[in-house]
Amino acid sequence: MKPNFGQDKPSVHASSPQGESTPLPAVSRRSAGSLLTVPNVIALSILAVIVLGSLLAPLIAPYDPNRVNMAERLAPLTSEHLLGTDTLGRDVFSRILYGGRVSILLALAVTAATMLIGLVVGTAAGYFGGWIDDTIQAVIHIFQGLPGLSLMIAIAGTLGPGVQSIFIALILTSWADFSRVVRGEAMKLREEAYVEGIRVLGAGHAYILARHIVPNMLGPLTVLFTVRIGRVILSIASLSFLGLGLQPPTPDWGVMVNDARPYFRSYFHLILAPGLCIAAVSFSINWLGDGLRDWLDSKNSNEQSLL
């Protein structure tokens, strides 16, 4: 029998939940090579508009967000005030722009700090194992056994309202999830043949972790980081709404929703504008995170099928 050199194209398969091998559609490999799908582009466009508007707020905001003018209290939507004014006569559009800066920058800082703690703790637990893993897992189980929202509110209420209390409360209620994911990735990577080979050649733990373990976890961590930002923005808005986060007169979306609550029946746009911004940013970030995860999963699946 003559060997077949390229006459038949290899078929790409994926495992079904029952373990059976089913062929992937032909479009799967093309979609795995690109993130520019229509939903992703829409989500990225919405996020870009809000982020750029927030970053450029000092240039494009028509008024000072804290400028009080009781003569224009609860003014309707006009060319001078695109989204009207609030109960103190402050321009709602200007406060929306500046409020995005506070929420987004704080969410990025909280998520980055949480990811750093989770990366260090989870890597140590997954790579070294033994009593180190057992100790860290016991602490993680304690934090994961507590209701996250209740713990976050309790910490913020104990520390008092402000940026510092939000920062600490969100980190303490989020690091365990990051650590659990990192631990699983580190345990999987430490058993790879190339890691064993490098260890046999005399490489130290620091070299293996810095050059081979941590870099190979960046894909899943990027997805987790992206999705987590949307959740943190919702948590910041929730704490501010409850009076445990940012405080007036700081322009913040959660604070604006809380301030507009008594007037939403007659002036619904006061609560609609910041609420839509919170929903749009969270939706866009979560959608992009899901798209990035699907792209990485498809890419890895296709690469393994072609081996």
Would one find more than 12 heavy atoms of other residues, nucleotides or ligands at under 6.0 Å from atom [atom1] of [X]?
| X | atom1 | answer |
| --- | --- | --- |
| E80 | CD | no |
| R199 | CZ | yes |
| Q164 | CD | no |

Nearest heavy-atom neighbours spanning [X] and [Y]:
| X | Y | value |
| --- | --- | --- |
| I236 | S103 | CD1-O, 3.9 Å |
| L270 | L74 | CD1-CD2, 3.7 Å |
| I136 | A124 | CD1-CB, 4.4 Å |
| L170 | S235 | CD2-CB, 3.5 Å |
| L209 | P215 | O-CD, 3.8 Å |
| P161 | G243 | CB-O, 3.8 Å |

**OP:** Would you check if the side chain of S165 reaches a backbone N or O of G160 as a donor-acceptor pair within less than 3.5 Å?
**Re:** yes

Are the side chains of [Y] and [X] in contact, using a 4.5 Å heavy-atom criterion?
| X | Y | result |
| --- | --- | --- |
| D86 | D259 | no |
| W287 | N40 | yes |
| R183 | D133 | yes |
| F128 | T123 | no |
| L119 | M217 | yes |
| L88 | M70 | yes |
| S238 | M152 | no |
| V227 | I285 | no |

Can you find a side-chain donor-acceptor pair between [X] and [Y] that sits under 3.5 Å?
| X | Y | result |
| --- | --- | --- |
| R228 | S174 | yes |
| Q144 | D177 | yes |
| S240 | N258 | no |

When rounded to the nearest 0.5 angstrom, what distance separates [atom1] in [X] from [atom2] in [Y]?
| X | Y | atom1 | atom2 | result |
| --- | --- | --- | --- | --- |
| R67 | R95 | CZ | CZ | 13.0 Å |
| S54 | I60 | OG | CD1 | 8.0 Å |
| I155 | L151 | CD1 | CG | 4.0 Å |
| L55 | R101 | CG | CZ | 7.0 Å |
| E196 | R190 | CD | CZ | 9.5 Å |
| Y207 | I213 | OH | CD1 | 12.0 Å |

**OP:** Determine the sole option in I132, I208, V214 for which the side chain to side chain contact (heavy atoms under 4.5 Å, CB included) test with Y127 is passed.
**Re:** I208

With the 4.5 Å side-chain cut-off for hydrophobic clustering, are [X] and [Y] part of the same group?
| X | Y | value |
| --- | --- | --- |
| L82 | M256 | yes |
| L149 | F178 | yes |
| V281 | L272 | no |
| L242 | I233 | yes |
| I42 | L47 | yes |

Subject >> V120/W175 under side chain to side chain contact (heavy atoms under 4.5 Å, CB included): CA gap, chis, key distance, verdict >> reply: CA-CA 10 Å; V120 173; W175 71 272; over 6 Å; no

Original post:
Please walk me through it: do W253 and I96 pass side chain to side chain contact (heavy atoms under 4.5 Å, CB included)?
Top reply: CA-CA 7 Å; W253 292 337; I96 286 288; 4.1 Å; yes

Original post:
Where does the angle between the aromatic ring planes of Y63 and H81 fall among parallel (under 30°), tilted (30 to 60°) and perpendicular (over 60°)?
Top reply: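 Aromatic pair Y63/H81 classed parallel.
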
Original post:
Between Y267 and H269, what is the ring plane arrangement, given parallel below 30°, perpendicular above 60°, and tilted in between?
Top reply: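 Ring orientation of Y267 relative to H269: perpendicular.
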
**OP:** List the steps and the verdict of side chain to side chain contact (heavy atoms under 4.5 Å, CB included) for N69 and T85.
**Re:** CA-CA 9 Å; N69 186 359; T85 61; over 6 Å; no

